[in-house]
Each structure stands twice: as structure tokens, then as C-alpha cells.
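Sequence lines set the chain letters: A, B, ... in the order given, protein chains first and strands last, and positions in each chain run from 1. Here the structure is a predicted model, which means the values were calculated and not measured.
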Amino acid sequence: MINVLFFAQLRERLQQDRIELTQVPSNVGQLRAYLSENGERWQQALSSGKCIAAVNQTIVDDSFSLTEGDEVAFFPPVTGG
Amino acid sequence: MQDRVIVQEQDFDIGQEHQRLTEDASSEGAVVTFCGLVRDNNLGRMVQALHLEHYPAMTQKQLAKIVQDARAKWNLGNVTVIHRVGTLALSEQIVFVGVTTKHRGEAFLACEFIMDFLKTRAPFWKKEITNEGEFWVEARNSDEEKARNWASP
């Protein structure tokens, strides 16, 4: 099982702040593809350009492998400071 | 050589933080600090308040990493980074970065470095509450460029 978190505009657009997935996709890119099957809104929101991924609180690229128990977060480019 | 990295809702006292930075820093001759405030305008809209969201499990970790990266580049004394979250009113303090070093050049550089990476890597998101509604602030290309410029040798 993995936890997938959504933040900021992404969370608002998808109307979800977290999802639990029992199946673990092989990598972040596969996870994006799997979630995009939910429909066009998901597909557009998760397309790599303005949607950053972090696994266990470290920013990663789409080739990053996922393991049981991982926490994945998807979020827009950051705007702190 | 102390790192003080804090994410909190409550306001901070810049005078107290300055004092803390310099307390046991007898060999350090320079202190540089930066404070970011809530502005009243952005893109022509009048901002009434700012809401700061963050990714709690990651913010502290990421800020601590940015400070470590700064320490790898320069010989730093004490470093303090404080970032507030929650809803802030106009002119309220959002962020504080303070650095002590032996000489001023490194202090200015380290402070700027930490801010440039905080603005592009730390998981905070700002939402402006304005007279025209609520808007998420968009990340700026100029901020990403500033972060990238530090990578050149």
C-alpha cells in the first residue's frame, strides 16, 4: 500500500487531499498514468510539467521506483518565502 | 555552530532572533539577516491577507537540507531559518533567515543562497485573499533562474 498526497491548487482541482492505493505502481511515472485513468481532469492536473512529485519527502523524477509503504506527494511549483 | 530551523504559525521576534544568532558567536564578525513580509499588491490585485499551506512532513527536512547545502559552500557560524504558515495579514512577517560568519561577504552570499533555494525547493504554497477573490500565487521563472545560477562553478 502507498499513500498519495495532493497539495495546494492540485488538491483543489482534484478535490482530494489523500488517497491510499493497495497496489504499488512500479514507479512515479506509472503512478501518474494510473491516476490519470480517473479522467481528463486528473490527466491534465498530473501531467509532469507543473506537477512535481516527492517520495518520502524528497523530490524525484518519474523514473523513481516505488516500494510498499512509500508516501508520494504531488504538488505545484512551490511559492514560499 | 547552531542550526535553528523552525516552521510555525506564530510570529517571531526579529530582535530576539538576532540576539540568539550572536549569543555564542564570539569569533563571528558578521551577521546578515533577511525578513520577508506580506505585500499589499500583486499583479494589480489588492491583497488583504495571505494563506500559507505547507507539506508538514517535508518542510522542516527540506529547510534543514538547504542550510546544510549552504554550510557545504561557506564557513558559517549560526544559521536561523523561520517560516510561518497559516493565515497572515498585510505587512506581517512571513520568513526570517539569519547567518553569522567571520566576514561579511560570505554572510550576504549564504543568506541569499538560502532564500533562493527556500523559494524554489521548500514545500510552501501561498494563496492570496484579495478584493477580487482568492488566488494561488504562481511560481516565478526568475526565482528558478536565481536558484540555477548558484550551480555554475
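- When each of V97(B), D143(B), V137(B), L52(B) is scored by its heavy-atom pairs under 4.5 Å with chain A, the top score falls to V137(B).
- With a 4.5 Å cut-off on non-hydrogen atoms, A57(B) touches chain A through its backbone and its side chain both.
- By the 4.5 Å heavy-atom criterion applied to side chains, W125(B) and R11(A) are not counted as neighbours.
- Taking the centre and axis of the six-membered ring of F135(B), the NZ or CZ atom of R45(B) falls inside the cone set by 45° and 6.0 Å.
- Taking 4.5 Å as the limit, every side-chain heavy atom of T101(B) sits out of range of all side-chain heavy atoms of N75(B).
- At a 4.5 Å heavy-atom cutoff, the contact between E138(B) and chain A is made by backbone and side-chain atoms alike.
- When only modelled atom types and interatomic distance are considered, W136(B) and E12(A) share a side-chain donor-acceptor pair under 3.5 Å.
- Between R84(B) and the choices E92(B), Q10(B), E9(B), the side-chain hydrogen bond (donor to acceptor under 3.5 Å, both in side chains) rule is met once, by E92(B).
- The greatest number of non-hydrogen atom pairs below 4.5 Å with chain A, out of E144(B), K126(B), K65(B), is found for K126(B).
- If you measure heavy-atom distances from K119(B) to chain A, the contacts under 4.5 Å come from both the backbone and the side chain.
- For K127(B), the part lying near chain A is the side chain, with the backbone staying farther off; criterion is any non-hydrogen pair under 4.5 Å.
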